[in-house]
Undergrad: 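Pasting a structure here, questions to come.
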Amino acid sequence: MLKYTLTIVLTGLMLIGSYSWSYGQSYGTSAGLRLGNNDQGRMLGFTVQQRLIKGLTLEGIVQSDFSYNTTLHAILQRHRPLLSKRLNYYYGAGASLGIEESRQKVSENMQIIRTYGNKTLGVDFIGGVELTLLGINFSVDYKPNINIVGRQPWYSGQVGISVRSVLVKGKKQNKKKRQKARRKRKSNSDGFFHNLMDSIKNN
């Protein structure tokens, strides 16, 4: 059922992207909610994406099942255009830490030992697609997590659906960068000019 739902969502995003060329927009900063689902259960999270440079984004995720599992993730992502500039696929990696339950299988007596409140540290990978439309960023991703410390099983994969509001448009972020660079160049040129005038006056 989950596979069919994911296929439908991905197909819908691609169709919307191909027929909405004029309404798409890039983003500099976006924030919203993420629903994650795996074999262990569902988690609701808060997600923030910040574009660092063109095509490179840092995403922060805080998510919880409001019971035994709460995790924090920082993931660096590489974005590539798909059909148009506002419909992207992306991939990346990062780190995670949290408080999680652990389920250790004991094969000798066919039991599962559960422990709670385990401090965990892991490595994240991610791959997905996103669409930015009318100030809203939609994404579907798959996020494998490899646990280093604190949890069994050591591997856990999560499908996530995120809806974010665009807080800073890409054009606005680019404009601010250009203005900052312009002020810096002007400051440097003013400094050189004043130094030159001072040297002439002293002579």
Side-chain angles (χ1 to χ4, degrees), residues 2-18 20-21 24-40 42-63 69 71-98 100 120-133 135-149 151 153-171 173-174 177:
L2 182 60
K3 291 182 179 179
Y4 293 119
T5 303
L6 185 59
T7 302
I8 291 171
V9 172
L10 290 175
T11 303
L13 288 175
M14 292 178 67
L15 289 174
I16 292 172
S18 61
S20 305
W21 189 278
Q25 57 187 11
S26 59
Y27 64 91
T29 306
S30 64
L33 298 178
R34 182 179 191 275
L35 178 63
N37 184 62
N38 58 20
D39 294 337
Q40 286 75 44
R42 293 182 177 87
M43 300 183 80
L44 181 64
F46 180 72
T47 167
V48 177
Q49 286 190 331
Q50 175 62 52
R51 190 178 70 178
L52 304 178
I53 58 175
K54 185 177 181 180
L56 191 65
T57 299
L58 179 64
E59 181 176 14
I61 302 171
V62 180
Q63 61 180 8
N69 301 282
T71 56
L72 174 65
H73 308 260
I75 307 172
L76 198 62
Q77 301 170 358
R78 181 68 174 171
H79 292 244
R80 300 284 189 180
L82 184 65
L83 297 181
S84 67
K85 64 179 181 179
R86 80 228 165 273
L87 180 62
N88 300 305
Y89 71 92
Y90 58 92
Y91 54 89
S96 68
L97 54 88
E100 299 182 69
T120 60
L121 175 67
V123 176
D124 281 329
F125 298 93
I126 198 168
V129 293
E130 69 170 3
L131 171 69
T132 303
L133 183 67
I136 303 295
N137 177 258
F138 306 91
S139 69
V140 180
D141 65 69
Y142 181 67
K143 184 175 70 61
N145 175 266
I146 298 175
N147 182 255
I148 299 173
V149 176
R151 189 196 70 213
W154 63 271
Y155 176 88
S156 177
Q158 184 185 74
V159 175
I161 298 176
S162 301
V163 180
R164 308 177 190 87
S165 175
V166 175
L167 304 179
V168 178
K169 295 181 180 180
K171 289 182 179 179
Q173 183 176 346
N174 293 338
K177 286 184 178 179

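The first residue in the sequence is number 1, and the count goes up from there.
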Undergrad: Could you work out, with side-chain contact (heavy atoms from CB on, under 4.5 Å) as the rule, every residue matching L33, not counting sequence neighbours?
TA: none

Undergrad: Any Lys/Arg nitrogen of E59 or R164 sitting under 4.0 Å from an Asp/Glu carboxylate oxygen of the other?
TA: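 Looking at R164 together with E59, the answer is yes, because their closest N to O distance falls below 4.0 Å.
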
Undergrad: If you apply the rule side-chain contact (heavy atoms from CB on, under 4.5 Å), what do you find for R51 with Q77, and how did you get there?
TA: CA-CA 9 Å; R51 190 178 70 178; Q77 301 170 358; over 6 Å; no

Undergrad: A side-chain contact here means heavy atoms from C-beta on lying under 4.5 Å apart; do Q63 and L72 qualify?
TA: no

Undergrad: Restricting to side chain to side chain donor-acceptor pair (under 3.5 Å), what partner residues turn up for D124, sequence neighbours left out?
TA: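 Testing D124 for side chain to side chain donor-acceptor pair (under 3.5 Å), a comparison that skips the adjacent residues, returns H73, N145.
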
Undergrad: Hey, mind stepping through T120 and E100 against side chain to side chain donor-acceptor pair (under 3.5 Å) and telling me if it holds?
TA: CA-CA 7 Å; T120 60; E100 299 182 69; 2.7 Å; yes

Undergrad: What pairs with N88 under side chain to side chain donor-acceptor pair (under 3.5 Å), at least two apart in sequence or on another chain?
TA: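 E130.
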
Undergrad: Between L76 and L56, is there a side-chain heavy-atom distance shorter than 4.5 Å?
TA: yes

Undergrad: Run the side-chain contact (heavy atoms from CB on, under 4.5 Å) test on I61 and R34 for me, step by step, so that the C-alpha distance in whole Å, both residues' side-chain angles and the decisive distance to 0.1 Å come before the verdict.
TA: CA-CA 8 Å; I61 302 171; R34 182 179 191 275; 3.9 Å; yes

Undergrad: So does R78 have more than 12 non-hydrogen atoms from other groups sitting under 6.0 Å from CZ?
TA: yes

Undergrad: Check step by step if side-chain contact (heavy atoms from CB on, under 4.5 Å) holds for L131 and N137.
TA: CA-CA 6 Å; L131 171 69; N137 177 258; over 6 Å; no

Undergrad: State, to 0.1 Å, how close Y90 and S139 come at their nearest heavy-atom pair, and which atoms those are.
TA: OH-CB, 3.6 Å

Undergrad: Once side-chain contact (heavy atoms from CB on, under 4.5 Å) is applied, do any residues pair with P144, and if so which ones, sequence neighbours excluded?
TA: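 Here the qualifying residues are F125, Y142, Y155.
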
Undergrad: Any side-chain heavy atom of V62 sitting closer than 4.5 Å to one from T47?
TA: no

Undergrad: Start with the C-alpha distance between K143 and I75, add both sets of side-chain angles, then the distance that settles side-chain contact (heavy atoms from CB on, under 4.5 Å), and finish with yes or no.
TA: CA-CA 10 Å; K143 184 175 70 61; I75 307 172; 3.7 Å; yes

Undergrad: Using 0.5 Å steps for rounding, measure from the OG atom of S96 to the CD1 atom of I148.
TA: 8.0 Å

Undergrad: Not counting sequence neighbours, which residues clear side-chain contact (heavy atoms from CB on, under 4.5 Å) with Y89? List them please.
TA: R80, L82, Y91, V129

Undergrad: Find out whether Q50 and T57 are in side-chain contact, i.e. whether some heavy atom of one side chain is under 4.5 Å from a heavy atom of the other.
TA: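 Side-chain contact under 4.5 Å: no.
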
Undergrad: Say whether R42 and Q158, considering side chains only, have a donor N or O and an acceptor N or O under 3.5 Å apart.
TA: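 Q158 and R42 do not have a side-chain donor-acceptor pair below 3.5 Å.
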
Undergrad: Classify the ring geometry of Y27 against H79: parallel below 30°, tilted from 30° to 60°, perpendicular beyond 60°.
TA: perpendicular

Undergrad: Could you tell me the separation between the CD1 atom of I161 and the CG atom of D141, rounded to the nearest 0.5 Å?
TA: 9.0 Å

Undergrad: Which residues satisfy the side-chain contact (heavy atoms from CB on, under 4.5 Å) test with S156, sequence neighbours excluded?
TA: N38, Q40, R151

Undergrad: For V166 and I136, which heavy atoms make the closest approach, and how far apart are they?
TA: CG2-N, 4.3 Å

